[in-house]
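Heads up, the thing below is written out as structure tokens.
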Amino acid sequence: MTSHSSLAGHTGDAYVDALHLVVIPEAGNRAGAVQTGEVHSASNIAFQHVPLLEQLGLTLLSPHIPGMTESLIFNRETAIGQDDAVRQAIQHAINSEELIRTVWGPSWTPRTAVLSESTPGWADFSDLLTFDEGRANAILDEAGWLRGEDGFRSRDGQRLSVRIIPRAGQRLSVRIIMSSPASDQLVKQQLAAVGIDYNIERLDSATSTARVQAGEYDIYKWQMTRADPAILNAVWNSNRTSQGVARSPASELDDLLLVQESAIDTAARAAAAADVQRYLIENALVVPLVDRAWTYAIHPSGHGLRLDGETKLVFFDVFTDR
């Protein structure tokens with residue numbers, strides 16, 4: 001392979017003739033394989049293994065992933081998605097710092113916006129994304145969602161039960177990072193604390209796709225890697241794309257998205273993206289969970305591995321000692 005790309009660190013042919021990719025699902029085995037040099041690099045290193053690998057002299061890369069943060073996206077066509085009190089309560093019931101501390105580790109950071117901090121158009125809305133369990137309870141009480149003996153809420157005989165479909169990843173690595181059972185269980189506990197029954201439905205890819213196309217979910221749990229705020233338009237524009245999982249009705253949000261997508265000047269586009277995010281957060285149309293990072297470990301015998309603007313691996317310059 002010969003490259004003329006600006007991503008390449010040298011001209012001419014790649015240094016290696018082939019790449020050998022190995023799928024190692026278990027986190028401890030991935031760390032062990034790169035620690036011993038069985039593999040030259042490994043991705044999705046769990047934070048518990050980082051200190052030892054650093055101590056042993058491996059290189060660790062932990063970039064924040066640009067795009068939409070890991071989020072709960074409301075389906076605006078369901079009763080839950082149309083209930084402002086429920087959406088607002090869920091937003092304030094999420095303890096992002098607890099998710100970082102308990103599940104994801106220090107390379108991840110608490111939520112600040114719909115877009116990650118490494119994305120053009122990011123703006124800091126952490127003051128609107130506070131964890132406030134008392135406020136969440138008060139919002140639901142005022143809206144008539146009252147607790148039963150089992151601790152969960154109901155109104156007019158209807159239990160406050162929310163159906164969640166996480167995106168069915170096409171790659172194992174996507175499923176590992178997007179659908180962590182530990183993360184899902186902690187979110188379930190946080191929402192149960194305010195009386196919301198959070199039901200994650202784990203489906204195979206075909207069933208998930210069919211259910212999403214039919215709109216049979218209250219929340220779609222998703223993240224998207226993009227070094228551009230265009231993902232906001234794809235998800236929330238009422239002229240729905242295949243990624244329009246919010247199933248948004250026509251509203252003033254469309255006008256904000258039009259300004260964003262029409263802006264040519266970089267600063268103007270960033271300001272427009274900030275306006276879109278403020279609208280989404282103030283109206284609790286999406287609940288960001290955490291700002292994602294992805295950790296790569298590189299053995300001392302591997303060299304030249306770099307990341308592009310979307311934190312994807314660039315192999316053109318890699319070479320090894322053996």
Side-chain angles (χ1 to χ4, degrees), residues 46-48 68-75 78-81 83-114 116 125-155 158-167 175-202 217-223 245-246 280-293:
F47 75 93
Q48 296 93 335
M68 184 175 66
T69 60
E70 185 165 347
S71 299
L72 306 179
I73 302 168
F74 288 98
N75 176 358
T78 69
I80 292 295
D83 193 318
D84 182 67
V86 171
R87 299 196 315 270
Q88 295 284 352
I90 290 175
Q91 187 176 85
H92 291 292
I94 294 297
N95 186 337
S96 186
E97 292 187 358
E98 185 181 28
L99 285 167
I100 300 297
R101 184 174 63 253
T102 307
V103 178
W104 296 117
S107 61
W108 294 49
T109 54
R111 58 186 184 172
T112 57
V114 184
S116 73
F125 296 105
S126 53
D127 60 324
L128 301 177
L129 293 169
T130 57
F131 166 59
D132 191 334
E133 189 174 299
R135 183 175 178 183
N137 277 311
I139 290 171
L140 293 172
D141 288 342
E142 186 176 345
W145 289 104
L146 305 179
R147 285 185 188 268
E149 293 182 358
D150 62 355
F152 291 102
R153 296 175 180 271
S154 62
R155 185 175 66 187
Q158 182 69 39
R159 182 183 176 91
L160 183 45
S161 182
V162 183
R163 302 168 299 164
I164 294 89
I165 294 180
R167 183 190 182 197
R175 293 198 295 274
I176 289 170
I177 197 167
M178 287 182 58
S179 301
S180 162
S183 175
D184 291 337
Q185 285 303 310
L186 185 51
V187 170
K188 185 178 180 71
Q189 292 172 23
Q190 292 176 354
L191 295 186
V194 299
I196 298 173
D197 186 11
Y198 181 85
N199 293 303
I200 285 262
E201 301 187 62
R202 298 199 176 280
Y217 58 95
D218 297 310
I219 288 174
Y220 191 65
K221 182 186 176 191
W222 194 23
Q223 52 75 28
V245 293
L280 292 171
I281 293 169
E282 288 183 341
N283 290 278
L285 301 180
V286 58
V287 176
L289 298 177
V290 288
D291 196 339
R292 305 170 298 135

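All heavy atoms count here, side chains included; hydrogens, waters and symmetry mates do not. It should be emphasised that the depicted structure is a prediction, and the values quoted were computed from it without experimental measurement.
To the nearest 0.5 Å, atom CG of residue Leu280 and atom CZ of residue Phe74 are 12.0 Å apart. The OH atom of Tyr198 sits 6.0 Å away from atom CD1 of Ile219, with the distance rounded to the nearest 0.5 Å. Residue Thr78 holds its OG1 atom at 6.5 Å from CZ of Arg163, rounded to the nearest 0.5 Å. Note that the OG1 atom of Thr109 and the CD atom of Glu97 stand 10.5 Å from one another [nearest 0.5 Å]. Separation of atoms CG (Leu289) and CD1 (Ile100) is listed at 9.5 Å; rounding is to 0.5 Å.
Residues His92 and Val194 have side chains not in contact (no heavy-atom distance under 4.5 Å, counting atoms from C-beta outward). Contact annotation: the side chain of Arg202 never approaches that of Ile165 to less than 4.5 Å [non-hydrogen atoms, C-beta and beyond]. Looking only at side-chain heavy atoms (C-beta outward), Leu191 and Ile94 come within less than 4.5 Å of each other. Side-chain contact check for Ile200 versus Gln185: every heavy-atom pair is 4.5 Å or farther apart. Residues Leu160 and Leu140 have side chains in contact (heavy-atom distance under 4.5 Å, counting atoms from C-beta outward). Under the 4.5 Å side-chain criterion, counting only non-hydrogen atoms from C-beta, Gln91 is in contact with Ile281. When side chains are defined from C-beta on, Arg159 counts as touching Asp150, because their heavy atoms get closer than 4.5 Å. Residues Thr69 and Arg292 have side chains not in contact (no heavy-atom distance under 4.5 Å, counting atoms from C-beta outward).
Of all heavy-atom pairs spanning Pro288 and Ser71, the tightest one is CA-OG, 3.6 Å. Closest of all the heavy-atom pairs between Trp104 and Phe47 is O-CD2, 3.2 Å. The two residues Gln88 and Asn283 have their closest heavy-atom pair at NE2-C, 3.8 Å. Taking both residues in full, the closest heavy atoms of Thr130 and Asp127 are given as CG2-O, 3.5 Å, listed atom of the first, atom of the second, then distance. Between Phe131 and Arg111, the closest heavy-atom pair is N-NH2, 4.5 Å. Across Ala113 and Leu129, no two heavy atoms sit closer than the pair N-CD1, 3.8 Å.
Under the side-chain contact (heavy atoms from CB on, under 4.5 Å) test applied with Val187, the options Asn95, Ile90, Val287, Leu99 reduce to a single match, Leu99. The one candidate from Ser96, Pro110, Ser183 that meets the side-chain contact (heavy atoms from CB on, under 4.5 Å) condition with Val290 is Ser96.
Other residues, nucleotides and ligands contribute over 12 non-hydrogen atoms within 6.0 Å of the CD atom of Glu282.
In this structure, the side chain of Arg87 engages the main chain of Gly81 through a donor-acceptor pair within 3.5 Å. Proximity of a side-chain donor or acceptor of Trp145 to a complementary backbone N or O of Arg155 within less than 3.5 Å is not detected.
For Asp291 and Thr112, the side-chain atoms include no donor-acceptor pair closer than 3.5 Å. One side chain, Asn137 or Arg147, offers a donor N or O that lies under 3.5 Å from an acceptor on the other.
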Report the C-alpha distance between Asn199 and Lys188 in whole Å, list the side-chain angles of each, state the deciding distance to 0.1 Å, and finish with yes or no for side-chain contact (heavy atoms from CB on, under 4.5 Å).
CA-CA 8 Å; Asn199 293 303; Lys188 185 178 180 71; 4.1 Å; yes
Taking it one step at a time, do Tyr217 and Val245 satisfy side-chain contact (heavy atoms from CB on, under 4.5 Å)?
CA-CA 10 Å; Tyr217 58 95; Val245 293; 3.8 Å; yes
side-chain contact (heavy atoms from CB on, under 4.5 Å), that's the test. Do Met68 and Val286 meet it? Break it down for me.
CA-CA 11 Å; Met68 184 175 66; Val286 58; 5.6 Å; no
